[in-house]
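Computed from heavy atoms alone, side chains included, the values below leave out hydrogens, waters and symmetry copies.
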Amino acid sequence: MNGEPIRVTLPDGRSVALPAGSSAATLAAEIGPGLARAALAASVDGEIVDLNRPLADGAAVRLLTERDPEALGVLRHSAAHVLATAVRELVPGAGIGFGPAIDDGFYYDFDVPEPFTPDRIEAVERLMAEVVRSDHPFERRVVTKEEARELFADDPLKLERLEELGDDEVITVYRDGPFLDLCRGPHLPSTGRLGHFKLLSAAGAYWRGDERRRMLQRIYGTAFFRKKDLRTHLHRLEEAKKRDHRVLGRRLDLFSIQEEVGQGLVLWHPGGGRVRRVIEDFLRDTLVEHGYEIVYTPHVASEELYRLSGHLDVFADDMFPAMDDGGDRFRMKPMNCPHHFMIYRSRTRSYRDLPLRFAELGTCYRYERSGTLHGMLRVRSFTQDDAHIFIREDQIADEYNRLLDLGDRLLGVFGYEYRAALSTRPEKAIGDAAVYDDASDRLAGVLRDRGLDYELDEGGGAFYGPKVDILVTDALGREWQGGTFQLDFLMPERFGLDYVGADNRRHRAVVIHRTLLGSMERFVGGLIEHYGGAFPLWLAPEQVRILPVSEQWTESARELMGRLRAEGLRAELDDRDTLGYRIRAAETMKVPYMGIVGEREAEAGTVSVRMRGAGRKQVAMGRGDFVERLKDEVARRALG
RNA sequence: GCUCUGGUAGCUCAGUGGUAGAGCGCUUCCUUGGUAAGGAAGAGGUCGCGGGUUCGAUCCCCGCCCAGAGCUCCA
């Protein structure tokens with residue numbers, strides 16, 4: 001090697017001298033043979049690079065092994081290249097789109113004449129294994145734009161991408177064996193380092209994510225360094241599938257969606273109805289405690305109302321088509337706001353009246369595009385736990401504090417962890433920017449003062465006002481929308497929402513649109529998955545199932561059921577078949593408690609209590625104690 | 001809406017160019033069972049809908065509807 005030796009620093013502060021032109025691989029070898037084997041890539045001055053890139057003098061270098069989280073992204077992106085290598089072998093002329101690492105794995109988009117069927121995916125997977133066995137090194141090369149144009153002359157997708165690169169950008173290509181790709185990298189040293197991978201699915205995806213452009217075929221996969229991690233991940237996917245609210249909704253007889261009724265229209269069966277009723281009762285009581293007024297408004301409105309609100313212009317496509325009787329035109333309501341505004345406007349309001357909080361479990365109708373519908377989570381008719389709060393500008397901070405209190409109370413009851421996100425003024429905001437920013441600052445102040453962990457979405461607010469979103473994390477670690485508190489300076493203008501101030505002059509009110517749970521459909525759908533169908537006692541559609549050991553004891557069992565029901569508990573009796581059969585049935589239906597009554601229990605006036613999922617671990621207890629225990633668990637809304 | 005894959009009994013699914021099967025569930029009978037499926041019999045289907053090809057279509061072809069995966073969208 002020519003030139004002066006270089007020095008690089010390690011994370012522990014140590015400085016190492018290396019010959020000029022040395023790479024991170026040389027460094028690893030210098031430190032030890034174990035590290036030389038384990039090193040996969042390097043972080044150089046904070047940038048992740050290939051192991052064989054030459055190091056600059058004075059660089060801060062951290063060698064990445066499979067223990068470093070950053071290495072997983074490198075692995076997965078390399079896996080994507082291996083996938084493309086395999087696809088090119090199967091379909092030589094395949095166009096190559098993008099192939100990034102994503103949260104749980106990677107994908108690659110291909111322009112191929114035939115879509116990928118499951119057996120072709122398997123074939124691709126086998127070819128990938130061969131690419132890994134061949135252990136092709138990933139070779140990086142810097143090229144000029146002109147060279148790149150020649151290299152990718154036969155791939156219009158790559159050429160298009162290439163033309164977008166600025167003239168001062170360094171263009172790199174990577175080769176692994178036969179496959180050459182326009183790519184920024186970095187990559188593993190060679191394809192042989194790709195550990196454990198699996199192709200998961202194929203689906204169409206628009207080129208550049210633009211629905212007006214051609215559709216490519218996307219293959220999804222995942223990859224891990226260790227077999228165990230891959231297995232765990234696949235197992236988690238299986239678990240998520242088992243918790244699918246659509247599957248559980250059928251099995252537990254909670255709801256259905258039927259072709260004859262219509263797409264995206266949910267039928268709540270008695271079981272789902274019970275869950276919903278309990279939540280609604282709890283919600284309504286809590287709202288009244290928190291100073292809300294309950295209002296009711298019709299499901300349809302004259303089109304004029306949405307002309308006034310401005311929604312008709314912008315969102316007509318997402319509304320159900322108009323009902324026209326030759327004179328007036330009516331629409332199913334896509335939101336409750338205008339109705340609530342009209343209630344506010346129905347009389348002169350004093351500053352003393354504010355805040356005024358109108359809450360409604362308001363059923364709305366939105367004509368969502370068919371491909372977006374999904375079980376209970378994305379539907380065309382849904383009931384929002386909606387409210388509109390009318391306040392003075394000086395009440396913003398105070399009201400947001402109350403909202404966050406309320407959110408905290410509600411979400412905690414369901415066992416959700418949550419965090420907040422604040423969205424501030426976008427470019428297209430209307431009205432006085434200073435008012436918008438001042439409001440955002442006050443919201444940020446509220447979040448800070450509460451010590452709440454929040455994320456800032458700069459410019460993510462609506463054009464009419466900033467908002468605070470609550471994001472909840474469920475039992476599988478997935479994040480859901482868990483409420484949104486949206487400030488609105490526009491609608492008060494459009495609807496003339498005023499109040500008379502202490503100065504006896506008219507002032508403009510400020511509106512907060514807010515939901516806590518979102519919609520009953522989405523919330524209950526989410527809860528089904530959160531609990532895996534095993535609802536805590538207070539929410540369970542059926543709380544206790546009484547099982548007489550034989551017909552002889554049915555009378556005694558019925559007496560117990562009567563006592564439970566008299567206390568408002570949802571108890572059923574099952575005297576169908578053998579005891580073992582019925583225990584199995586109750587377990588499958590995820591009933592929290594079974595009360596078994598046979599000779600011993602009937603004579604002693606007790607009941608043998610078997611808890612969901614606890615198998616034969618059961619206790620005999622007095623019937624009064626049993627009733628009290630359940631009542632207490634319900635009253636505490638225990639999560640079980 | 002777009003791409004692909006599907007649609008057969010209440011559910012999960014097998015199957016065939018000559019109008020159809022299993023398991024579970026349901027009904028009835030026998031069994032009176034002590035902790036995750038006791039036994040038997042029976043009912044139940046316009047094979048998503050509409051066209052076409054064919055002597056004959058659940059099966060092949062076309063269109064539509066619906067579902068699933070993904071994309072796009074989500075006031």
Side-chain angles (χ1 to χ4, degrees), chain A residues 97 107 109 112 114-118 120-121 200-220 241 244 246-247 250-251 253 256-264 306 309-319 333-338 364 366-375 377-380 382 384 462-464 467 481 484 486 488 490-491 513 518-519 522 547-554 575-589 594-601 608-618 620:
Chain A
Y107 68 78
D109 288 341
V112 285
E114 302 276 315
F116 295 101
T117 55
R120 293 184 76 206
I121 296 241
L200 297 172
S201 60
Y206 300 108
W207 169 232
R208 314 309 300 267
D210 183 340
E211 65 177 318
R212 287 163 308 193
R213 309 207 50 180
R214 67 178 303 139
M215 187 153 286
L216 306 180
Q217 297 302 322
R218 176 173 297 178
I219 297 181
Y220 283 93
K241 218 187 283 174
D244 189 319
R246 293 164 301 180
V247 175
R250 172 172 290 294
R251 238 190 49 216
D253 197 15
S256 64
I257 296 171
Q258 299 178 41
E259 199 174 328
E260 294 85 340
V261 177
Q263 284 184 287
Y306 302 109
S309 69
H311 289 115
L312 198 61
D313 291 338
V314 194
F315 300 112
D317 283 352
D318 297 305
M319 292 165 73
K333 68 172 171 186
M335 76 277 292
N336 308 297
C337 333
C364 298
R366 296 184 190 173
Y367 200 74
E368 304 282 1
R369 293 164 82 176
S370 63
T372 63
L373 301 173
H374 182 85
L377 302 181
R378 190 82 180 268
V379 295
R380 285 183 170 165
F382 55 94
Q384 280 185 315
F463 63 93
Y464 47 79
K467 63 171 176 172
Q481 173 72 249
T484 173
Q486 175 92 54
D488 185 349
L490 173 66
M491 286 299 154
H513 307 253
S519 72
R522 187 175 287 195
L547 309 176
V549 170
S550 72
E551 263 167 44
Q552 244 177 303
W553 317 109
T554 301
D575 59 356
R576 292 175 296 174
D577 218 306
T578 59
L579 184 63
Y581 177 86
R582 285 174 287 151
I583 283 171
R584 181 182 151 84
E587 287 285 358
T588 339
M589 290 303 281
M594 279 172 253
I596 295 160
V597 176
E599 183 174 7
R600 296 196 293 271
E601 294 83 1
S608 287
V609 178
R610 180 175 162 134
M611 285 171 65
R612 176 176 60 199
R616 284 169 178 253
K617 260 181 277 161
Q618 59 178 11

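Nucleotides of RNA chain B lying under 4.0 Å from heavy atoms of chain A occupy a range whose first and last members, 5' to 3', are B/G1 to B/A75.
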What verdict does the salt bridge (charged side-chain N to carboxylate O under 4.0 Å, His left out) test give for A/R246 and A/D244, after you've listed the backbone C-alpha separation in whole Å, the side-chain angles of each residue and the deciding distance to 0.1 Å? CA-CA 5 Å; A/R246 293 164 301 180; A/D244 189 319; 2.5 Å; yes

Is there a side chain to side chain donor-acceptor pair (under 3.5 Å) between A/S608 and A/Q618? Walk through the geometry before answering. CA-CA 7 Å; A/S608 287; A/Q618 59 178 11; 4.6 Å; no

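Across all strands, A/R378 comes closer than 4.0 Å to base atoms (heavy-atom distances). Using a 4.0 Å heavy-atom criterion, one finds that A/Q384 contacts no nucleic acid atom at all. Counting any heavy atom pair closer than 4.0 Å across all strands shown, A/H374 reaches sugar-phosphate atoms only and no base atom. Among the heavy atoms of the strands lying under 4.0 Å from A/R610 is at least one base atom, whether or not backbone atoms are also near. Residue A/G598 is in base contact, counting any heavy-atom pair closer than 4.0 Å across all strands shown. Nucleic acid contact for A/Y464: sugar-phosphate only, since backbone atoms but no base atoms lie under 4.0 Å from a heavy atom of the residue. Residue-level contact check: A/R218 touches the backbone only, with heavy atoms under 4.0 Å from sugar-phosphate atoms and none from bases. Looking at heavy-atom distances under 4.0 Å, A/D577 makes contact with a base. Residue A/T588 is out of contact with every strand shown, counting any heavy-atom pair closer than 4.0 Å. Residue contacts for A/R576: at a heavy-atom cut-off of 4.0 Å it reaches the sugar-phosphate backbone alone, with no base atom in range. Within 4.0 Å of A/Y220, counting heavy atoms only, lie sugar-phosphate atoms of the nucleic acid but no base atom. Within 4.0 Å (heavy atoms only), A/E599 reaches at least one base atom of the nucleic acid. Residue contacts shown for A/G615 are absent, as no nucleic acid heavy atom lies under 4.0 Å away. When heavy atoms are screened at a 4.0 angstrom cut-off, A/R600 is found touching base atoms of the nucleic acid.
If you check B/C49 for Watson-Crick or wobble pairing at under 3.5 angstrom, you find it paired to B/G63. The pairing partner recorded for B/G25 is none, the criterion being a Watson-Crick or G-U wobble arrangement whose two distances lie under 3.5 angstrom. Pair assignment for B/U3: B/A69, on the basis of Watson-Crick or G-U wobble contacts that are both within less than 3.5 Å. Checking B/A36 for Watson-Crick or G-U wobble geometry (two distances, each under 3.5 Å) identifies no partner in any strand. Nucleotide B/U54: unpaired (no Watson-Crick or G-U wobble partner with both distances less than 3.5 Å). Pairing for B/G17 is absent, with no Watson-Crick or G-U wobble pair whose two atom distances lie under 3.5 Å.
For the C1' atoms, the distance linking B/A36 with B/C30 amounts to 24 Å, nearest Å. The gap from the C1' atom of B/C47 to that of B/U19 amounts to 10 Å, rounded to the nearest Å. With both ends at atom P, the span from B/U8 to B/G68 equals 14 Å, rounded to whole Å. Separation of the C1' atoms belonging to B/G1 and B/C60 is 30 Å when rounded to the nearest angstrom. Here, B/C55 and B/C13 have their P atoms 37 Å apart, quoted to the whole Å. Using atom P as the reference point in both B/G48 and B/U12, the two lie 14 Å apart (nearest Å). For B/G45 and B/G63, the C1' atoms lie 25 Å apart once the distance is rounded to whole Å. When the C1' atom is used for both B/G17 and B/C74, the distance is 47 Å, rounded to whole Å.
The shortest side-chain heavy-atom distance between A/Q263 and A/E368 does not fall under the 4.5 Å cut-off. The shortest side-chain heavy-atom distance between A/R214 and A/W207 falls under the 4.5 Å cut-off. Looking at A/E599 and A/V549, their side chains never come closer than 4.5 Å, going by heavy atoms from C-beta outward.
Open room surrounds CZ on A/R212; 12 or fewer heavy atoms of other groups in view lie less than 6.0 Å from it.
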